[in-house]
Protein chains: 2
Amino acid sequence: MNKTEEKSLKEQIIDAARKVLLAKGYRNFSLRKIAGEIDVSATSIYLHFENKDDLVHTLMEEAIARLNKQLEQKVAEVDDPISKLEALAREYVSFALKHPREYQVIYLISSDEMTRYPKEKFRKARKGYEIVTDVLKEGVESGLIAESRPRLAAYTFWAQLHGVMSVVLSKRLDNRIEQEEFIEEAIDHIIKGYQLRTSL
Amino acid sequence: MNKTEEKSLKEQIIDAARKVLLAKGYRNFSLRKIAGEIDVSATSIYLHFENKDDLVHTLMEEAIARLNKQLEQKVAEVDDPISKLEALAREYVSFALKHPREYQVIYLISSDEMTRYPKEKFRKARKGYEIVTDVLKEGVESGLIAESRPRLAAYTFWAQLHGVMSVVLSKRLDNRIEQEEFIEEAIDHIIKGYQLRTSL
DNA sequence: TCTTTTAGTTAACGGTGTTAACCTCTGTTA
DNA sequence: TAACAGAGGTTAACACCGTTAACTAAAAGA
């Protein structure tokens, strides 16, 4: 690895931070541990990030980008809008199950628990909503979905999915309920909420 | 206030803890602050609680009980199952908006961020699901709701609502979307997901 | 060559959860 | 009545935390 290929300290910090987060969870995610991971002093993190929240925001941004990328791929594989909606939901779920800690970084942090997620980054995060919005619009055009405000609906769709995965990941499901069944049922209900109601 | 009316230290700690949590948020919720509030040493908290998580769990239990009580009241005020479902959703939303910090205590804490919420307490917490389950069963009997597994459906209903309020409270809504409108739309979609589909 | 800038360091501050050792009452028992 | 035991607190300390200030060494520019 020659000089130009070497990762900048900023990149190294991000890598180390991701590693610590995935390995130990947010609760044990500390600047000193991150710094120790790359044999550097904890204070040097401040040369590249405003503070701890700023670093976390960077990880959030990354995780969101990854999720969005996967959603984009999946949605391109199907044709009709209802199937697309289902594909989106399933990919969303699958991401949360495969990368629970990363998923939780995206969401766990709420209003007063952390500095507001900065506006510039938030814009990128909206990509996911755009994908859903487009699918909903498509569905309206082809007469399968009744929805006068697709962007608004995209947010409700997303929120519902998040709620479902949040319950699963925080392990709040009743023992008597099987996780997979729960997810299936939820996806089914969520999609039904957007389908046009006609006689069967 | 005579001796027998005096609150036990345990109760005083819980009161102080609730006060600190509501005033400063979970991030600034520390044992030393709680102790300072009632002029007692921080370590004496350990005489009444196993650790910080245990104390938080107690606050969670309390908040859940309050929410459940309000839901029970509201659901008794309406008659038909669909209206009951709507009343439940609205009361849930209203609680989250009125007591955001308490609401967040109920949910914010996820699997690896905190010791698992203990089983005995979890049982009490299920009351809310029972209420929803009963309403759904009622709806099935009167032919308004198509649902073969009401308990499972109660969990999906709850999860979706949580997702919606989680997005609202973490202030992740697009500027262009009005909060109230978002909530209305979401409740509408969620309930539609449980209604029997017949020709209009 | 002198000077400024950059990129890092160490030391320290005030805070955290938690544990160990101690103290001081109160009630019981010999 | 004296000795004891336990309950219910205390103080001191440990190991960690995010963050700031002051310093240093090397590189870059003049």
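Letters A, B, ... are given to chains in the order of the sequence lines, protein chains preceding strands, and every chain is numbered from 1.
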Ring centroids only, cut at 6.0 angstrom: are A:Phe157 and A:Tyr92 within range, meaning strictly under it?
no
When rounded to whole Å, the CZ to C1' distance for the pair B:Arg27 and D:dC17 reads 12 Å
Please evaluate the base of D:dT11 for a donor-acceptor partner in the side chain of B:Thr43 within a cut-off of under 3.5 Å?
yes
Between C1' on D:dG8 and CD1 on B:Ile13, what's the gap in Å once rounded to a whole number?
11 Å
Atom OH of A:Tyr46 and atom P of D:dA22 are separated, to the nearest Å, by 17 Å
Mind checking if B:Phe29 touches a base, just sugar-phosphate, or nothing, with heavy atoms under 4.0 Å?
sugar-phosphate
Whole-Å distance, B:Lys33 NZ to C:dT16 C1', equals 9 Å
What is the separation between atom CD on B:Glu50 and atom P on C:dG17, rounded to the nearest whole Å?
16 Å
Would you mind classifying the nucleic acid contact of A:Ser30 as base, sugar-phosphate or nothing, using non-hydrogen atoms under 4.0 angstrom?
sugar-phosphate
Modelled atom types, side-chain donor and acceptor of A:Gln160 and A:Tyr194, under 3.5 Å
yes
Whole angstrom is fine here: how far is it from CG in A:Asn28 over to C1' in C:dG17?
12 Å
Considering every strand and a 4.0 Å limit on heavy-atom distances, what is the contact class for B:Lys10: base, sugar-phosphate, or nothing?
nothing
If you assign A:Arg32 and A:Ser44 each to the DNA chain C nucleotide with the nearest heavy atom, which residue ends up on the more 5' nucleotide?
A:Ser44
Ionic contact status for B:Arg149 with A:Glu181, cut-off 4.0 Å
yes
Do B:Glu147 and A:His189 pair up side chain to side chain, a donor and an acceptor below 3.5 Å, judged on atom types alone?
yes
